[in-house]
Number of protein chains: 2
Amino acid sequence: MAPPLQTSAFLSPGLGVHPSRQADLQRCLLCDQRDANLCSGLDKQGLAALAQSSKRLVLPPGTTMVEEGEPAVSFFNVTQGTVKLFKSLPDGRRQITGFADPGQFLGLSPSDVYSFGAETVDTVQVCRFQRPQLEGLLSDFPVFERNLLVAVTDRLAEAQEQMLLLGRKTAKEKVASFLLDRLQAHERAQATAAAHDHDEPAATTEHVASVPMTRIDIADYLGLTIETVSRTISALRREKIIANMENHYIQILAPATLRQIASGQQNG
Amino acid sequence: MAPPLQTSAFLSPGLGVHPSRQADLQRCLLCDQRDANLCSGLDKQGLAALAQSSKRLVLPPGTTMVEEGEPAVSFFNVTQGTVKLFKSLPDGRRQITGFADPGQFLGLSPSDVYSFGAETVDTVQVCRFQRPQLEGLLSDFPVFERNLLVAVTDRLAEAQEQMLLLGRKTAKEKVASFLLDRLQAHERAQATAAAHDHDEPAATTEHVASVPMTRIDIADYLGLTIETVSRTISALRREKIIANMENHYIQILAPATLRQIASGQQNG
DNA sequence: CGATAGATTGATACATTTCAAGTGAAGTGG
DNA sequence: CCACTTCACTTGAAATGTATCAATCTATCG
């Protein structure tokens, strides 16, 4: 099952890193997501190996990254933008199982074909790994494998939370939960950007949710129809719990209230 | 599929296993689940370490194994029976996120407190690990860590399938999918038992689903009410797709039809 | 044998879907 | 520069699948 690869030291630290690989390593060293999830805790040698084994891609909105049933040859780490993961029924009904924001991986599958599809929501940057090289990295760098284990565990916990939402929450509770998720996603993005700008983290007095996806995607994520999503968002706006902003952002006026709604302690 | 078994005599005295640990090692060597998931591919040293670090427990039906919010101190590997995992809302609404049948683990959590609850459905046998010892095992035995990574990945894929069910399937499709899951669970159990009996695998001409859980559990797993579950099962019985057996077993008369229903290609 | 828990069945209610129409913004071509 | 299309979204009215409320049945167990 797991080929126990030898940890051959193919890049002696400190000594001459292959010139043509310098650019690769730089890419990792300067990456926004360098200390996030998969890539955290790696020494220079590990980072160099990661850099060598991956390729950075920029993908326009609506790009299919993974198709259900196709051979699972690639593995991705998202560094910018949002990717939607989904499963479909033969008649076209679709369930979005999650959104992969910067710092998250995608592409693991229990078999040799993908068990899900993936498509970019907006413009997305990823690091792409090929399967065999990924397995080598896992074997060679225990920290990397541990990071992946932790990341998959996180995703599993998220999936369980989403099952609670899908199975037991009302439309209003679903939308409230979603907006809070997107608030958190935006806050994380802000924090990451601030850290790399060396700027002071601007005191977040405004609560803003990043919602780059369409109503169709939201509906397919929450197990609702687009009409119900639209109506529910309108209702929250009428109740002054949220407010419209530019294109793909929503302001959260009453986060505490929204949290109460999301956890089923208030019906508004 | 079949893991490469060690063919060596399983207790060569030369290897100096500590005498007081012999019983522990025997427990692992004779375990039904020895070659399943987490415990597969381990050499004798690894198996001995596993045996030493874990304790076998037998738990009666309805035992709380894990409570949401409590410190995540234990990790379990199920060797017999079925455990239900769930998340709840403050007002008591509950979603069962999965059933852990023999060979499956439970107890991983992204933080230091459990993000879910777990309770035995019937009489359950588990191997219990304490957190610190588990981490030691993961670090010491790469095969073990890889097994866990594979197992968590499997569970994540299952969770995604269940999200599709919860968000997009009708009551009838949900129940059909559930019965097929339970058919597979029973078939796996049969296969395991047969392998350890050294008996020929009895030609499975009858398709039987093992359903040890109550209607309440089924409803909380499928995002339905007990009434809807009951009505739907009755409808399938009326249509001669399934038939009643003793207490907690259901016979599948038309597996192909059930599969079509489960995947949304037929409404019956 | 009565008590209790699990399961079934029926009648009604309701949350969400479905069907339908309409709005507004962005892009296109004459 | 302005009709015209398109796409995402919103809103309304009617339909429906599942939930809720309620009664009954069955099996197990003290």
Side-chain angles (χ1 to χ4, degrees), chain A residues 61-62 84 89 91-95 121-122 165-179 211-239 242-250 261 264 267-268, chain B residues 60-62 84 89 91-96 119 121-122 165-179 209 211-239 242-250 261 264 267-268:
Chain A
K84 57 189 177 198
L89 289 170
D91 63 3
R93 278 175 287 172
R94 190 181 66 155
Q95 178 66 38
V121 169
D122 47 14
L165 177 150
L166 290 169
R168 289 301 182 216
K169 287 189 181 178
T170 66
K172 189 164 191 178
E173 289 162 0
K174 287 177 176 182
V175 170
S177 303
F178 171 72
L179 290 174
V211 188
M213 59 290 290
T214 66
R215 292 287 183 273
I216 297 181
D217 287 341
I218 300 173
D220 282 348
Y221 181 55
L222 300 178
L224 298 171
T225 59
I226 56 172
E227 294 94 333
T228 299
V229 171
S230 188
R231 274 188 254 274
T232 308
I233 289 180
S234 295
L236 290 173
R237 200 180 320 115
R238 250 179 280 118
E239 297 171 47
I242 64 176
N244 273 6
M245 295 183 72
E246 346 126 49
N247 224 347
H248 283 290
Y249 293 92
I250 293 180
I261 295 172
N267 51 40
Chain B
K84 58 189 176 197
L89 289 169
D91 63 4
R93 278 175 287 173
R94 189 181 67 153
Q95 178 65 40
I96 291 183
E119 194 180 315
V121 169
D122 47 13
L165 178 149
L166 290 169
R168 289 299 181 220
K169 288 189 182 178
T170 65
K172 190 165 190 177
E173 290 163 1
K174 286 177 175 182
V175 170
S177 304
F178 171 72
L179 289 174
V211 188
M213 59 290 289
T214 66
R215 292 288 182 270
I216 297 181
D217 287 341
I218 299 173
D220 282 349
Y221 180 56
L222 300 179
L224 298 170
T225 59
I226 56 172
E227 292 95 332
T228 298
V229 170
S230 188
R231 274 187 253 273
T232 307
I233 290 180
S234 296
L236 290 173
R237 200 181 320 115
R238 251 178 279 120
E239 297 170 45
I242 64 176
N244 273 4
M245 296 185 72
E246 347 124 49
N247 224 346
H248 284 291
Y249 293 93
I250 293 179
I261 296 172
N267 51 40

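As a basis for the values below, the full set of heavy atoms in this structure was taken, side chains included, without hydrogen atoms, waters or symmetry mates. All values reported here derive from a predicted model rather than from experimental measurement.
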Between [atom2] of [N] and [atom1] of [X], the distance in whole Å:
| X | N | atom1 | atom2 | value |
| --- | --- | --- | --- | --- |
| M213(A) | dA8(D) | CE | C1' | 15 Å |
| I216(A) | dT6(D) | CD1 | C1' | 13 Å |
| L166(B) | dG17(D) | CG | C1' | 16 Å |
| R168(A) | dA15(C) | CZ | P | 16 Å |
| E246(A) | dA26(C) | CD | C1' | 17 Å |
| R215(B) | dT9(C) | CZ | C1' | 13 Å |

> So do L236(A) and I261(A) actually touch side chain to side chain, heavy atoms under 4.5 Å?
Replying inline: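 A side-chain contact exists here, since the closest heavy-atom pair is under 4.5 Å.
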>> Heavy-atom nearest nucleotide on DNA chain C for K169(A) versus N247(A): which residue maps closer to 5'?
In response: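 Counting from the 5' end, the first nearest nucleotide belongs to K169(A).
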> Considering heavy-atom distances to DNA chain D, does T214(A) or G223(B) have its closest nucleotide positioned more toward the 5' end?
Replying inline: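 Result of the comparison: T214(A).
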> What parts of residues 227-235 of chain B reach DNA chain D, counting only heavy atoms under 4.0 Å away?
Replying inline: E227(B), T228(B), R231(B)
>> Checking the side chain of S230(B) only, and the main-chain atoms of I226(B) only, is there a donor and an acceptor separated by less than 3.5 Å?
In response: no
Donor-acceptor pairs under 3.5 Å, side chain of residues 212-220 of chain B to any protein atom, not counting sequence neighbours: which ones?
{"residue": "T214(B)", "atom": "OG1", "partner": "I216(B)", "partner atom": "N", "Å": "3.4"}
{"residue": "T214(B)", "atom": "OG1", "partner": "D217(B)", "partner atom": "N", "Å": "3.2"}
{"residue": "D217(B)", "atom": "OD1", "partner": "K84(B)", "partner atom": "NZ", "Å": "3.0"}
{"residue": "D217(B)", "atom": "OD1", "partner": "R94(B)", "partner atom": "NH2", "Å": "2.9"}
{"residue": "D217(B)", "atom": "OD2", "partner": "K84(B)", "partner atom": "NZ", "Å": "3.1"}
{"residue": "D220(B)", "atom": "OD1", "partner": "R168(A)", "partner atom": "NH2", "Å": "2.8"}
{"residue": "D220(B)", "atom": "OD2", "partner": "R94(B)", "partner atom": "NE", "Å": "2.8"}
{"residue": "D220(B)", "atom": "OD2", "partner": "R94(B)", "partner atom": "NH2", "Å": "2.9"}

